[in-house]
Amino acid sequence: MIGPKALADIGETMKGYISLVVACLILVIGTLVGRFFGLSLPTTITLATVPAFLAVFPFVKRGNPKISFGFWLLAAVISAVAGWGIYLGALRLGI
Amino acid sequence: MLDVSLEISFEGESAYLECGDANAYWNLGDPGAGGGGGIQPILSSASRVATFEKAAFTPQLNPFALGQRIGGANPRLRQYVRCSWTAGGAVGIGCGVAGLVTGGAAIPDCLVQGVAIGNAGCGIAAIFRLG
């Protein structure tokens with residue numbers, strides 16, 4: 001029989017995965033919002049992936065407590081800017 | 001030698017095909033009225049009568065266009081490949097620069113999560129056929 005302590009442990013374990021589920025929901029909702037408003041593909045991808053990347057931070061933090069939110073935020077911002085740079089560069093080069 | 005230069009122009013409800021000699025034209029007719037079957041030269045007095053022969057055109061593949069090379073004729077796959085390599089490169093730059101700025105201890109976690117989320121986003125966008 002599962003006791004209250006085991007249930008509490010399961011709940012604690014499940015909490016770690018909630019951020020993953022939230023990130024997936026953000027991806028789908030962001031994509032649908034981009035499609036609803038007729039945004040371009042790179043705009044939609046940025047709109048969906050950057051918040052999802054930030055939402056997954058608690059899950060990563062559980063595995064690696066040394067990670068700071070500042071690093072995570074900086075990585076998200078630089079990735080978004082770099083992604084747009086690569087996209088526009090590739091567009092200009094016809095790739 | 002076969003001259004494959006070809007130009008189609010439209011005027012009103014008529015279409016004109018110019019092939020080879022600039023002075024040789026054929027009237028394509030009006031497809032909506034059941035025409036277009038018989039190609040009649042309408043101006044050829046000052047020119048040789050050029051004949052249209054079968055010509056094939058092959059797109060030139062750009063060696064750096066991974067979407068073209070991997071995705072082939074499937075537009076969703078092409079879009080996904082182009083999007084995912086862009087996202088992967090961006091995450092690599094973002095995590096690398098942020099890691100260098102803040103000490104670099106969490107770069108692997110950042111790369112794994114970033115590439116996974118980028119690919120998931122590109123996959124969802126390809127499924128919903130954006131762009």
Side-chain angles (χ1 to χ4, degrees), chain A residues 19-20 23-24 26-32 34-36 38-57 59-91 93-95, chain B residues 59-71 75-131:
Chain A
S19 58
L20 274 184
C24 290
I26 288 174
L27 270 182
V28 174
I29 291 169
T31 308
L32 290 176
R35 186 181 168 83
F36 180 77
L39 303 177
S40 68
L41 177 71
T43 310
T44 304
I45 295 283
T46 309
L47 190 74
T49 53
V50 171
F53 186 75
L54 295 176
V56 88
F57 175 73
F59 174 75
V60 181
K61 179 85 172 168
R62 276 177 75 89
N64 186 355
K66 284 188 289 186
I67 295 180
S68 67
F69 188 71
F71 161 77
W72 208 249
L73 187 63
L74 188 63
V77 171
I78 295 174
S79 297
V81 173
W84 273 95
I86 293 172
Y87 167 72
L88 293 174
L91 207 64
L93 294 173
I95 296 174
Chain B
Q60 295 292 314
L61 286 179
N62 186 328
F64 298 104
L66 291 178
Q68 273 183 4
R69 300 190 74 84
I70 299 173
R76 288 187 191 207
L77 190 54
R78 272 206 313 270
Q79 176 186 301
Y80 170 74
V81 171
R82 218 170 24 229
C83 173
S84 62
W85 79 251
T86 304
V91 167
I93 294 171
C95 293
V97 173
L100 288 175
V101 170
T102 58
I107 291 178
D109 291 311
C110 177
L111 284 175
V112 169
Q113 295 299 330
V115 169
I117 288 173
N119 276 280
C122 292
I124 291 171
I127 289 168
F128 288 114
R129 195 72 178 89
L130 294 165

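Quick caveat: nothing in here was measured; it's all calculated off a predicted structure. Quick note on labels: first sequence line is chain A, next is B, and so on, each numbered from 1. Just so you know, these numbers use all the heavy atoms, side chains as well, and skip hydrogens, waters and symmetry mates.
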For each of [options], tally heavy-atom pairs with chain B at distances under 4.5 Å, and name the one with the top tally.
| options | result |
| --- | --- |
| A:Ile67, A:Val50, A:Val77 | A:Ile67 |
| A:Leu73, A:Val28, A:Val81, A:Asn64 | A:Asn64 |
| A:Ala76, A:Gly38, A:Ala82, A:Ala48 | A:Ala82 |

Identify the two heavy atoms, one from [X] and one from [Y], that lie closest to each other, and give their separation to 0.1 Å.
| X | Y | value |
| --- | --- | --- |
| A:Thr49 | B:Gly121 | CG2-CA, 4.2 Å |
| A:Gly83 | B:Thr86 | O-CG2, 3.7 Å |
| B:Gly89 | A:Ile86 | C-CD1, 3.8 Å |
| B:Ala90 | A:Ser79 | CB-O, 3.2 Å |

May I ask you to test the B:Val101-A:Ile78 pair for a side-chain heavy-atom distance under 4.5 Å?
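Not touching, per the 4.5 Å side-chain cut-off.
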Value rounded to 0.5 Å, distance of [atom1] in [X] from [atom2] in [Y]:
| X | Y | atom1 | atom2 | value |
| --- | --- | --- | --- | --- |
| A:Leu20 | B:Gln113 | CG | CD | 6.5 Å |
| A:Ile45 | B:Cys83 | CD1 | SG | 4.0 Å |
| A:Thr44 | B:Ile124 | OG1 | CD1 | 12.0 Å |
| B:Cys95 | A:Phe71 | SG | CZ | 5.5 Å |

Chain A interface, residue from B:Ile107, B:Ile93, B:Val112 that has the most non-hydrogen pairs under 4.5 Å
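Looking at each option in turn, the highest pair count goes to B:Ile93.
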Looking only at heavy atoms and a cut-off of under 4.5 Å, which of B:Ala106, B:Cys122, B:Gly114 has the most pairs with chain A?
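Of B:Ala106, B:Cys122, B:Gly114, B:Ala106 has the most heavy-atom pairs under 4.5 Å with chain A.
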Contacting moiety of A:Trp72, where chain B heavy atoms sit under 4.5 Å:
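For A:Trp72, side-chain heavy atoms alone lie under 4.5 Å from chain B.
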Tell me, for A:Phe57 versus chain B, whether the close heavy atoms (under 4.5 Å) come from the side chain, the backbone, both or neither.
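It is neither, since no heavy atom gets under 4.5 Å.
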What part of B:Ala120 lies closer than 4.5 angstrom to a heavy atom of chain A: side chain, backbone, both or neither?
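Backbone plus side chain of B:Ala120, per the 4.5 Å heavy-atom cut-off to chain A.
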Among A:Leu54, A:Ile26, A:Leu27, find the residue that satisfies the side chain to side chain contact (heavy atoms under 4.5 Å, CB included) test when tested with B:Ile117.
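Among the candidates, only A:Leu27 passes.
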